[in-house]
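Working notes, beginning with the structure itself.
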Amino acid sequence: MACTCVVGLQWGDEAKGKIVDLLTDQHDIVIRFNGGANAGHTVVQAGKTFKFSLLPTGVLKPHLTSVIANGVVVYPPRFLEEVNNLRAAGISIADNLLVSDHAHVIFPYHLEEERLNEQGSSQAIGTTGRGIGPCYQDKVGRGCGVRLGELLYPDHLRTRLHAIVPRKNQLLRALDSGARGFDPDTLCDEYLGHAEKMRPHITDTTRLLLQAIKNGKRALFEAAQGSLLDVDHGTYPYVTSSNSTTAGVWSGSGVPARNLNRVVGVIKAYTTRVGRGPFPTELNDGKDGIGERIRQTGREYGTVTGRPRRCGWFDAVAVRYSAAVSGADELAVMLLDVLSVAKEISICTSYEWRNRRLEDFPSDAFILDECRPIYETLPGWETDLTHCRRLADLPPAARRYVERLSQLLDLPVSIISVGPDREQTVFC
Ligand code: IMP
C-alpha cells in the first residue's frame with residue numbers, strides 16, 4: 001500500500017498543484033476523484049506555466065498514468081481543449097490519460113441552468129459557472145444523468161437525449177420564459193463527435209485502479225477545491241457539489257480509503273476564498289490595506305474565472321476542523337513568501353459568537369457568518385523568502401510562524417513553499 005492524497009484544508013486554491021507535481025515522482029498513477037472544470041491547478045515547470053481545470057496535474061509527466069475517476073463531472077469540449085493545449089506545448093497525451101466511463105457528462109443545458117439559477121438570485125452561491133452543480137444534481141436525481149460510457153453508443157445516446165432534453169428545455173423556460181432551448185439531435189451529433197475523440201481515453205478506471213494497487217503501483221489522489229467546500233463537511237450551502245475532502249476518494253474512485261497511508265493537508269499561510277459564504281478572518285481593509293497587499297503579492301485571482309479572491313488571515317479554528325475531517329497526517333504550508341508584506345501577522349485561534357467563545361468550527365454557515373475572529377499576533381519578517389531552500393534559510397520570525405501553525409493544528413509541517421517554482425521549496 002503506497003497511496004497518498006493531497007487535499008486542500010481551506011476554501012480551495014491552496015496551491016495543491018505544486019505539491020501534487022512535487023510528489024508525482026514517488027508515484028505511478030495520479031487520480032482526480034471530484035469536481036470538474038471548476039478546479040484551477042497551476043504548475044510551473046521548466047519556466048513554463050501550465051493551467052488545468054479538468055485534467056490531473058500528472059499529465060505533465062507522460063510516464064505516469066493520469067486518471068479522471070468516476071466522481072468527476074466531465075465537460076467534453078473542455079477535456080479536448082486541455083488535451084490539445086498540452087499537445088501543442090509538446091506534451092505527449094495518449095493512453096497515459098484515462099477517464100472513467102462512469103464519470104457524468106456536463107451538457108450545455110447544465111451551464112444554462114446554472115446561469116439562470118445564479119443570476120440575480122439572493123440565494124446565489126457565486127459558482128464558477130461550469131455546470132458543476134446541475135450536473136451533480138442530475139447524477140443524484142438519476143432521471144437525467146448521462147455517463148461518459150453512454151456516449152460510445154450512438155443509438156442509446158440519441159434515445160436518452162430525446163427523453164432528457166425536452167425536460168431540460170421545460171425547466172429552463174420555467175426559470176426564465178425567454179431561455180434558449182436545445183435540440184436533442186444537434187446535441188447528440190455534437191457529443192458523438194467529442195466521444196469519438198475521447199474514445200481512446202474512456203475506460204473502467206475503478207477496475208484499473210484496483211488492479212494497479214493490487215500490483216503494487218503507487219497512487220496519488222489529488223483533491224480538487226478545498227475541504228471547507230465539501231458538500232457534506234464544508235460551509236454548506238456555500239460549497240461545491242462534491243466531496244472535496246479525502247472522503248471523496250472512496251466514492252469518487254472506487255479505491256477503499258484504507259489504502260491511503262499518507263494524507264498531505266495543503267494550507268496557504270493565510271486564507272482566501274472565492275464566491276460567497278462566511279469568512280471570519282476576511283480582511284476588508286481597503287485598497288491600501290493588508291488584504292489588498294496579500295491579493296496583489298499572492299496574485300490572488302481565480303485560475304478558472306479570474307475573479308479577485310477574498311483574502312484574510314489564517315484561521316486555525318477552521319483548519320483544525322478540516323484537517324481532522326480529511327485525516328491529514330502532515331501539512332504543506334504554501335505561499336509563505338507572500339506574508340513578507342506584513343509587519344505583523346495574525347492567526348485566528350478561536351471565535352467569539354453571541355458573547356461566547358467558540359473553540360470548535362460551527363457546523364452551520366449562518367452561525368459562522370456571525371463569528372468574530374479572536375487573534376493572536378506574531379511579528380512579521382518583512383524580508384524576501386523566495387531564495388530560501390532550507391529551514392535554516394528562513395528568518396527566525398518566519399520559522400516561528402510556521403511552528404505556531406504546526407502547534408495550533410497539532411500536525412507536523414513537511415513542506416514549506418516560498419514561490420511557484422519547484423525549486424522554491426523547503427523540505428522540513
Ligand atoms: P461550483 O463548484 O462552480 O459549483 O462553485 C461552488 C463554490 O465553490 C463557489 O464559491 C466557487 O467559487 C467555489 N469553488 C469551486 N471550485 C473552486 C476551486 O477550485 N477553488 C476555489 N473555489 C472553488
Side-chain angles (χ1 to χ4, degrees), residues 6-20 32-43 51-57 68 71-75 78 82 104 106 110-119 121-140 222-245 248 252 266-268 270-279 282 295 298-312 315 318-319 322 326 334-335 365 368-369:
V6 173
V7 62
L9 298 183
Q10 293 153 316
W11 281 287
D13 307 313
E14 297 92 350
K16 297 177 289 292
K18 172 168 168 173
I19 299 301
V20 172
R32 261 200 69 177
F33 58 87
N34 76 300
N38 51 348
H41 288 324
T42 306
V43 181
K51 287 183 193 279
F52 309 113
S53 57
L54 180 60
L55 302 187
T57 310
I68 296 178
V72 176
V73 285
V74 175
Y75 185 48
R78 183 70 202 158
E82 289 192 10
H104 275 249
I106 298 180
H110 290 127
L111 305 178
E112 196 57 9
E113 186 179 334
E114 180 169 3
R115 190 180 70 77
L116 295 173
N117 274 327
E118 285 277 295
Q119 77 179 10
S121 162
S122 61
Q123 304 296 302
I125 307 288
T127 66
T128 59
R130 298 293 167 103
I132 307 298
C135 184
Y136 277 117
Q137 261 170 256
D138 281 349
K139 170 179 175 173
V140 178
E222 57 172 282
Q225 291 85 48
S227 296
L228 298 172
L229 288 172
D230 185 288
V231 67
D232 284 287
H233 305 289
T235 49
Y236 189 89
Y238 301 102
V239 292
T240 191
S241 300
S242 63
N243 287 119
S244 49
T245 53
V266 186
I267 52 175
K268 257 179 193 162
Y270 46 94
T271 311
T272 61
R273 172 162 207 170
V274 276
R276 294 182 58 198
F279 180 177
E282 183 169 15
R295 182 176 302 117
R299 290 179 293 278
E300 293 294 356
Y301 295 88
T303 313
V304 173
T305 58
R307 289 181 289 180
R309 295 182 185 138
R310 300 157 65 192
C311 298
D315 185 339
V319 176
S322 59
S326 268
M334 312 304 288
L335 293 122
L368 186 63
D369 203 33

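Just so you know, ligand 1 is whichever comes first in the structure, and atom 1 is the first atom listed for that ligand. What you are looking at is a predicted structure, and each value in this text was computed from that prediction instead of being measured.
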From the list T271, T272, D13, side chain to side chain donor-acceptor pair (under 3.5 Å) partner of R309 resolves to D13
Q.
Within the 3.5 Å criterion, strictly below it, is a donor on T245 or S326 matched to an acceptor on the partner's side chain?
A. no
Any ion pair linking R310 and E282 (charged N to carboxylate O, less than 4.0 Å)?
yes
Counting only non-hydrogen atoms and a 4.0 Å cut-off, the residues near ligand 1 are W11, G12, D13, N38, A39, G40, I125, G126, T127, T128, Q225, L229, V239, T240, V274, G275, R307
Assess, by modelled atom type and distance only, whether the side chains of T127 and E114 contain a donor and an acceptor separated by less than 3.5 Å. yes
### Task
Using only heavy-atom distances, determine whether the side chains of N38 and T240 contain a donor-acceptor pair under 3.5 Å.
yes
Is there a donor-acceptor contact under 3.5 Å from the side chain of E113 to the main chain of P134? no
